[in-house]
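In listed order, ligands and their atoms are each counted from 1.
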Amino acid sequence: MAGKVRAKNNRTIVLNDEQKAQLAREIAPAPDAALFPDEAANRVFQGDCMEIMPRLPDGFAAMALLDPPYNLTKTYNQSTFRSRSEDAYRDYLASWMPLVKRLVRPGGAVYLCCDWKCTAACFEILRQHFIVRNRITWQREKGRAAESNWKNACEDIWYAVAPPEDAAVFHADAVRMKRKVIAPYRENGRPKDWSEEDGGKFRLTGASNFWDDISVPFWSMPENTDHPTQKPEKLIAKLILASTDPGDLVFDPFSGSGTTAVTAKKLGRAFTAIEQDLDYCCLALERLHRADADRTIQGYEDGVFWERNTHSVSSSARLRSGTEANPPLT
Ligand SMILES: C[S@@+](CC[C@H](N)C(=O)[O-])C[C@H]1O[C@@H](n2cnc3c(N)ncnc32)[C@H](O)[C@@H]1O
């Protein structure tokens, strides 16, 4: 990871051995006894989530973000997850979903990420433990075109809640999207539901379950790491803002580079993260430190999500995030 030759403007977070050794001291070891909520909060645990989850407190999470390995052969630094039959993948999901269920409070939200290949198994296992409320499709536009099949350009995120459903929170106002107006209609000479700002005409629209406004993290973005399946902060921010309140705790048992924990912190929520790989735990901790100085979430500003490529991030936010010379595609 550290040995790659990178372009001049490449902002990928890379840690040297000394930094890793320093950060590794902050990783929480797998607990050997049950933890109280304040012992579990705002920590990155290293270990197998199936062994750590039974030590976490009942109902301590307002939201769980589940981004497990998909049913593909994929190497995560030191370990490789192997693709398996659909039945075996279903068994894999079924082996840990009940552990998650105990940790989510009544009405708490559960988001489960997957691709087209494992979405059926995810839906089936999720609905055995939670009330499924929706499926978000994220058009993520990454990956090579396949010659013998359609290019895989989207992912699913299943949205479910722990019963009872009427205890669920959903803050539609917190996840509105600012879109460019194609046909700026006027009524009595006045703009109808749109406004003119930053040299463009924009409308605030409610978030739907089709997301085409979020790119994967790429090398010129300050959140980027070498984790092979890192989720964008903007995507996680939408989920957290819709389903939690400030101060709530967001739980992520497959934390990877720490996107959920970092985004939760930036938005004033608590977090508990579990990741098996030491290097990824270090990346998460480095990102959490950086979040102390910079709470910017690319593509989210002034309480709204900006449509991709609208280039409306204010210069102050760009300066804060250091992207002034390299305006972001959000
Ligand atoms: C799809 S990635 C998650 C990426 C993450 N959302 C991010 O933004 O970086 C899945 C992660 O789960 C980790 N993992 C897989 N099995 C695990 C287990 N049993 N316990 C803890 N971590 C695990 C992998 O090392 C990998 O980093």
Side-chain angles (χ1 to χ4, degrees), residues 1 12-13 15 27-31 43-56 63-84 88-89 91-100 103 110-115 117-119 122 138 140 142-143 155-158 214-218 221-240 250-266 271-288 290-291 297-298:
M1 293 202 314
T12 303
I13 301 170
L15 303 172
I27 297 172
R43 304 193 80 184
V44 176
F45 291 92
Q46 189 200 348
D48 183 343
C49 64
M50 316 218 186
E51 287 166 16
I52 296 177
M53 283 195 273
R55 307 283 194 205
L56 298 177
M63 170 177 153
L65 187 289
L66 309 174
D67 188 14
Y70 298 174
N71 195 6
L72 306 164
T73 296
K74 173 82 68 191
T75 296
Y76 296 99
N77 203 23
Q78 307 281 353
S79 72
T80 298
F81 187 88
R82 302 222 168 265
S83 139
R84 51 201 75 185
Y89 189 76
D91 290 346
Y92 163 72
L93 296 173
S95 69
W96 51 261
M97 199 62 79
L99 304 178
V100 176
L103 304 179
V110 178
Y111 289 97
L112 175 58
C113 306
C114 49
D115 67 356
K117 218 173 173 184
C118 58
T119 198
C122 285
W138 170 39
R140 69 165 163 72
K142 195 198 172 189
E155 294 196 5
D156 285 343
I157 305 164
W158 288 100
I214 308 175
S215 68
V216 289
F218 55 94
M221 290 166 68
E223 68 189 71
N224 194 50
T225 73
D226 281 326
H227 190 287
T229 60
Q230 182 180 343
K231 288 279 185 296
E233 292 178 11
K234 184 180 179 186
L235 180 142
I236 303 293
K238 281 198 192 195
L239 305 177
I240 290 177
V250 183
F251 172 58
D252 183 346
F254 301 96
S255 153
S257 65
T259 310
T260 305
V262 170
T263 311
K265 179 174 177 173
K266 288 183 174 183
F271 61 85
T272 299
I274 306 175
E275 167 58 47
Q276 65 188 6
D277 186 80
L278 176 80
D279 285 1
Y280 297 156
C281 289
C282 291
L283 281 174
L285 286 160
E286 172 65 19
R287 293 176 68 194
L288 285 162
R290 292 185 186 201
I297 294 171
Q298 202 157 313

Ligand 1 contact on [X] by region, counting heavy-atom pairs under 4.0 Å:
| X | result |
| --- | --- |
| His227 | side chain |
| Pro68 | backbone |
| Tyr280 | side chain |

Options Leu235, Asp252, Asp67, Asp279, ranked by nearest heavy atom to atom 4 (C) of ligand 1, top entry: Asp67
Option of least heavy-atom distance to atom 2 (S) of ligand 1 (set: Ile236, Thr260, Thr229): Thr229
Ligand 1 to Tyr76 polar contact by distance, N or O atoms, under 3.5 Å: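 Between Tyr76 and ligand 1, no N or O pair is found under 3.5 Å apart.
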Plane angle bin for Tyr280 and His227 - parallel if under 30°, tilted between 30 and 60°, otherwise perpendicular: tilted
Ala284 near ligand 1 by a heavy-atom separation under 4.0 Å: no
Test of ring centre spacing under 6.0 Å for Tyr92 and Phe81: yes
Numbered atoms and elements of ligand 1 in range of Asp48, under 4.0 angstrom, heavy atoms: 18 (C), 19 (N), 20 (N)
Interfacing atoms of ligand 1 (cut-off 4.0 Å, heavy-atom, Pro253): 21 (C), 22 (N)
Protein contact of atom 20 (N) of ligand 1 - nearest heavy atom, named by residue and atom, plus distance: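 Result: Cys49 N, 2.9 Å.
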